[in-house]
Amino acid sequence: MSAPPMLPGLPLVGHALEFRRDALGLFRRGYERFGPIFGIRLATTPAAVLVGPELLRVFFERTDHELDMGEVYGFLQPILGDRVLFTAPRREYDEQRRIMLPAFGGKKLRSYVGEMAAEADEWLQTLGDAGTFDLCEVSTQITMAMVARAILGEPFRRRLGPELARLFGDLAGGLEFVLPTNLPLPRFRRRDRALARLKQVLGEAVRARRNDPAAHDDFLQALLEARYLDDPRIPDEKVVTFVLGLIFGGRENTAGHLEWALVALLRHGDAHARAVREVDEALAASDRPDFDALRSLRWLDACVKESERLHPVTHTLLRLAKQDLTVGDYTIPKGWLVVAGIALSQRLPALFQDPERYDPARYVAPRDEDQAYHVVGFGGAGHKCWAMAFANAEVKVILAMLLRRYELSLVDPAAPAKVNDIGVLRPGAPCLVRYRRRAA
């Protein structure tokens with residue numbers, strides 16, 4: 001079989017610039033010309049783009065077999081200091097998944113919601129009765145503080161305070177896809193200093209927990225008590241790197257997820273009004289949601305899902321073909337990149353009625369358009385994000401508490417989107433939200 005048909009591109013750079021600037025437009029052009037499988041060039045590297053649920057199923061289910069993700073995301077190693085989470089070798093990844101999944105679900109998630117609500121409450125108390133805030137700035141700070149408080153405890157969160165945002169900002173500034181990451185550039189030096197400082201304070205927290213294990217029952221304690229591969233416990237340095245990865249992921253992905261969810265609600269008055277009515281009923285007894293109240297917010301769930309469909313923060317995912325891979329009528333050669341065209345897949349008319357329209361009702365019976373591999377912003381199969389329920393809980397806690405306490409509107413409803421420096425799609429900053437406290 002032949003390789004996928006190649007979309008014509010520019011000399012030398014191929015489609016690299018368009019891929020970074022407007023992946024959705026690029027995918028749409030390739031899809032309209034060739035169908036659900038086509039080739040692009042990212043500089044000198046050929047890549048096969050897969051669009052639609054059946055091909056996304058192939059993408060996720062063949063990862064770790066014919067497809068590799070560790071090599072593609074190796075640029076994260078200088079940020080985290082080690083190959084862990086989804087960049088780890090298969091055996092280590094499976095072991096980490098075994099440990100992480102229980103720590104993010106069930107009873108653990110129930111307890112995390114209380115910490116999330118407490119953190120959101122502290123932020124809301126700083127707003128006063130009326131004003132504006134920059135959603136892009138606030139979302140990064142609040143989601144990072146939430147995850148730090150929930151998985152490491154309130155004392156650690158307070159100890160770092162504002163330094164937490166600065167350190168992770170310096171880490172993010174050191175991400176690099178092209179240049180050697182050991183060049184003596186100021187942003188790389190800031191990255192290395194931030195990583196050393198975070199490893200220091202996280203290492204101290206881990207050692208303190210080892211000496212007093214009975215005093216805590218949270219995510220960090222669950223990690224410290226787990227077996228890892230052939231060892232009776234996870235090495236401290238691995239625990240530190242796991243935590244770094246989780247907080248770093250929350251800094252960009254969960255923040256972007258929150259931003260798009262609120263922007264979409266505030267752009268659509270009917271959906272917004274219905275969400276306010278639902279929140280008012282669920283939080284009538286307390287304006288801090290607990291786990292059960294959060295689960296009852298079905299319409300808000302649908303609104304968050306719809307913003308994830310239309311504005312996936314992770315709009316593409318990448319793999320490397322470890323061997324020739326037959327997909328449909330084509331063979332993707334060994335060494336090609338394989339790209340999950342999430343942004344376009346989630347807008348296909350065959351899957352979604354009036355796909356360009358924001359319509360949370362599509363996830364409510366009897367329509368229920370959320371079928372397998374239709375919305376995959378959090379991944380799929382064995383590579384679905386371990387912390388998906390945690391991230392969605394963060395977003396819903398903040399939205400519910402904002403809607404319960406304030407009348408909200410966008411200062412500029414047409415705030416543009418941008419692809420930021422680490423390849424996630426977020427609203428352009430500043431994205432100002434106007435607020436006024438609701439009458440009692």
Side-chain angles (χ1 to χ4, degrees), residues 1-7 9 14-16 19 23 26-27 30-31 33-77 80 82-98 100-101 177 229 245 249 312 314-346 348 351 371-386 388 423:
M1 294 182 178
S2 61
M6 186 66 63
L7 193 65
H15 304 91
F19 179 79
L26 174 64
F27 295 165
Y31 183 84
R33 180 165 179 174
F34 296 117
I37 307 178
F38 57 90
I40 60 174
R41 287 193 177 275
L42 302 178
T44 59
T45 304
V49 179
L50 307 183
V51 178
E54 293 307 313
L55 297 182
L56 292 182
R57 183 189 300 274
V58 170
F59 179 90
F60 289 112
E61 292 185 356
R62 297 196 191 178
T63 294
D64 300 324
H65 303 288
E66 295 101 323
L67 299 175
D68 178 77
M69 64 189 302
E71 291 299 320
V72 176
Y73 292 100
F75 61 84
L76 289 173
Q77 187 169 347
L80 303 179
D82 196 1
R83 291 176 67 89
V84 294
L85 305 175
F86 52 82
T87 67
R90 176 62 187 268
R91 181 171 179 242
E92 289 190 50
Y93 176 86
D94 288 344
E95 186 71 352
Q96 292 166 26
R97 185 172 186 269
R98 178 188 67 79
M100 295 283 195
L101 281 176
F177 303 94
L229 296 175
T314 305
H315 55 87
T316 57
L317 290 171
L318 305 177
R319 303 288 189 264
L320 180 69
K322 297 192 292 185
Q323 60 191 63
D324 289 353
L325 176 68
T326 299
V327 182
D329 296 329
Y330 303 104
T331 294
I332 300 171
K334 176 182 178 180
W336 276 40
L337 287 176
V338 181
V339 182
I342 294 172
L344 179 58
S345 293
Q346 296 182 173
L348 293 178
L351 308 182
Q371 303 299 314
Y373 296 98
H374 282 199
V375 180
V376 292
F378 282 97
H383 284 275
K384 186 177 284 289
C385 175
W386 305 329
M388 181 178 71

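When reading the values below, keep in mind they use all heavy atoms of this one structure, side chains included, and skip hydrogens, waters and symmetry mates. The residues of the chain are indexed from 1 along the displayed sequence.
Contact record, Met6 with Pro46: CE-CB, 4.3 Å, taken as the closest heavy-atom pair. When every heavy atom of Pro4 is checked against every heavy atom of Ile332, the shortest pair comes out as CG-CG1, 4.1 Å. The shortest non-hydrogen separation linking Leu56 to Gly341 is CD2-N, 4.3 Å. Considering all non-hydrogen atoms of both residues, Ala381 and Arg97 come closest at O-NH2, 4.5 Å. Residues Leu67 and Phe59 share a closest heavy-atom pair of CD1-O, 3.6 Å. For Val327 against Ile37, the heavy-atom pair with the smallest separation is O-CD1, 3.5 Å.
Between Leu26 and Leu7, some side-chain heavy-atom pair lies under the 4.5 Å cut-off.
The distance from the CZ atom of Arg91 to the CG atom of Asp64 is 14.5 Å, given to the nearest 0.5 Å. With rounding to the nearest 0.5 angstrom, the CZ atom of Phe19 is 6.5 Å from the NE2 atom of His315. To the nearest 0.5 Å, atoms CG (Asp68) and CG (Leu337) are separated by 11.0 Å.
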Margin query: Run the side-chain contact (heavy atoms from CB on, under 4.5 Å) test on Val376 and Ser345 for me, step by step, so that the C-alpha distance in whole Å, both residues' side-chain angles and the decisive distance to 0.1 Å come before the verdict.
Written below: CA-CA 9 Å; Val376 292; Ser345 293; 5.9 Å; no
Next item on the list: Show your reasoning for whether side-chain contact (heavy atoms from CB on, under 4.5 Å) applies to Gln371 and Leu351.
Entry: CA-CA 9 Å; Gln371 303 299 314; Leu351 308 182; over 6 Å; no
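Proximity of a side-chain donor or acceptor of His15 to a complementary backbone N or O of Arg41 within less than 3.5 Å is detected. A donor-acceptor contact shorter than 3.5 Å links the side chain of Lys322 to the backbone of His65. Proximity of a side-chain donor or acceptor of Asp324 to a complementary backbone N or O of Pro333 within less than 3.5 Å is not detected.
When each of Val51, Leu50, Thr316, Leu317 is checked for a side chain to side chain contact (heavy atoms under 4.5 Å, CB included) with Ile342, only Leu317 meets the rule.
Under a cut-off of 6.0 angstrom, the local environment of NZ in Lys334 is sparse, with at most 12 non-hydrogen atoms contributed by other residues, nucleotides or ligands.
Sorted by first then second residue, the side chain to side chain donor-acceptor pair (under 3.5 Å) pairs that include residues 52-62, not counting sequence neighbours, are Glu61-Tyr373.
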